[in-house]
Amino acid sequence: MIVKFPRDDKGLFDLKITDKNNKSFIMTVGGNGDLYWLPENHKDCRVFEIDKDDEIVFEIFNQLFYAVGKKDDKYRPVLKDNKITFISEEWREEESNILNIIKDENSFVIEFIKNENVDEWSVPHRGCVICFCNSGSRVPVVENVFMRMFLNLAYHSDFVPLEDDRTVVD
């Protein structure tokens, strides 16, 4: 399920994706214009599963896989076989968290992996945040696919409004 909710009174929205086990992660755009994905409980790195029972979210991830496949960087590919591996762009690669999205016939597994490889000069990481840099991305065309997915869902989808100003898609 996707829940769209306003972040403030400036017309900005965040998205909450809830899987079949009722675990959620958030998609949001920061003040710097970068897209962030983070588990709802940022202290907990989690694995999420979207299966065919959630037809809309399953189809959105199908479209994401298709678009990444068409736009993948041949020099720094993020899609190999049925797995997207995106290294968070907030830190140096050696210290960055990792997002895996694994596709099989009936489901997508979304895995947030916290990188514990930090040296004495590093800033401690909180949780399993994944950053898709809007400027200076390691894989800008692929980053753009993720950003377009978010923008389309947050601002261009015809979701049914809820009474409390949130929007939901089942």
Side-chain angles (χ1 to χ4, degrees), residues 1-5 7 11-20 23-40 42 45-52 54-93 95-115 127-159 167-169:
M1 172 172 44
I2 299 175
V3 176
K4 175 173 133 177
F5 52 96
R7 183 178 350 159
L12 299 175
F13 291 93
D14 290 336
L15 298 173
K16 178 178 174 180
I17 310 292
T18 303
D19 77 353
K20 71 179 198 167
K23 295 187 294 183
S24 301
F25 65 94
I26 305 294
M27 295 178 186
T28 187
V29 173
N32 59 2
D34 292 346
L35 175 64
Y36 294 91
W37 286 24
L38 57 152
E40 191 169 41
H42 74 83
C45 296
R46 296 194 192 210
V47 175
F48 302 86
E49 187 173 358
I50 307 296
D51 63 14
K52 283 189 172 182
D54 192 342
E55 294 174 21
I56 292 173
V57 180
F58 185 84
E59 183 54 33
I60 288 166
F61 277 92
N62 258 333
Q63 291 174 16
L64 177 69
F65 253 77
Y66 176 76
V68 167
K70 284 183 65 175
K71 301 285 187 174
D72 205 5
D73 188 321
K74 65 181 179 180
Y75 301 106
R76 293 189 69 122
V78 299
L79 177 62
K80 293 181 182 160
D81 299 320
N82 288 329
K83 181 178 178 181
I84 292 173
T85 299
F86 192 92
I87 299 171
S88 182
E89 298 179 317
E90 194 168 32
W91 309 99
R92 298 178 319 161
E93 269 187 80
E95 298 177 17
S96 292
N97 296 330
I98 298 170
L99 175 71
N100 286 324
I101 305 173
I102 303 152
K103 177 183 180 181
D104 73 19
E105 192 174 311
N106 298 310
S107 68
F108 289 93
V109 174
I110 298 119
E111 178 182 40
F112 291 79
I113 301 169
K114 182 175 180 177
N115 188 338
C128 296
V129 175
I130 302 297
C131 175
F132 302 85
C133 280
N134 195 30
S135 173
S137 175
R138 295 179 193 114
V139 285
V141 177
V142 172
E143 178 276 332
N144 191 265
V145 169
F146 281 88
M147 181 61 85
R148 276 187 316 201
M149 179 185 101
F150 171 80
L151 293 174
N152 284 332
L153 291 172
Y155 299 102
H156 303 292
S157 295
D158 295 327
F159 295 165
T167 307
V168 67
V169 171

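These numbers come from a predicted model, not from an experiment.
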Rounded distance (nearest 0.5 Å) linking atom CD of Glu49 with atom CD of Glu111: 12.0 Å
Main-chain N/O of Val129 paired with Asn97 side-chain donor or acceptor, under 3.5 Å: yes
Qualifying residue, where the test is side chain to side chain contact (heavy atoms under 4.5 Å, CB included) with Ile17 and the options are Asp54, Ile26, Val3, Val57: Val57
Exceeds 12 heavy-atom contacts within 6.0 angstrom, atom NZ of Lys71: no
Stepwise side chain to side chain contact (heavy atoms under 4.5 Å, CB included) check, Lys103 with Asn62: CA-CA 8 Å; Lys103 177 183 180 181; Asn62 258 333; 3.1 Å; yes
Heavy atoms from other residues, nucleotides or ligands near OH of Tyr66 exceed 12 (cutoff 6.0 Å): no
Flag side-chain contact, heavy atom, 4.5 Å: Val78 against Asp73: no
CD1 on Ile130 to CE on Met27, rounded to 0.5 Å: 12.0 Å
Close side-chain approach of Asn82 to Asp104, heavy-atom, < 4.5 Å: no
Close aromatic pair by centroid cut-off 6.0 Å: Phe150 and Phe132: no
Side chain proximity check, Val139 to Glu89, heavy atoms < 4.5 angstrom: yes
Plane angle bin for Tyr155 and Phe13 - parallel if under 30°, tilted between 30 and 60°, otherwise perpendicular: perpendicular
Gap between atom CD1 of Ile50 and atom OG1 of Thr18 - 0.5 Å precision: 8.0 Å
Note, Lys16 side chain near Phe5 side chain (heavy atom, < 4.5 Å): yes
Separation of Cys131 SG from Glu143 CD (nearest 0.5 Å): 8.5 Å
Verdict with supporting geometry, Leu153 and Lys4, side chain to side chain contact (heavy atoms under 4.5 Å, CB included): CA-CA 8 Å; Leu153 291 172; Lys4 175 173 133 177; over 6 Å; no
Plane angle bin for Phe61 and Phe25 - parallel if under 30°, tilted between 30 and 60°, otherwise perpendicular: perpendicular
Test item: Arg138 side-chain N/O and Ser88 main-chain N/O as donor-acceptor pair under 3.5 Å: yes
Straight-line distance of Leu99 CG to Cys128 SG, nearest 0.5 Å: 10.0 Å
Full working for side chain to side chain contact (heavy atoms under 4.5 Å, CB included) between Leu64 and Phe146: CA-CA 7 Å; Leu64 177 69; Phe146 281 88; 3.7 Å; yes
Heavy-atom side-chain proximity of Asn152 to Ile60 below 4.5 angstrom: no
Note, Asn134 side chain near Asn32 side chain (heavy atom, < 4.5 Å): no
Heavy-atom side-chain proximity of Ser137 to Met147 below 4.5 angstrom: no
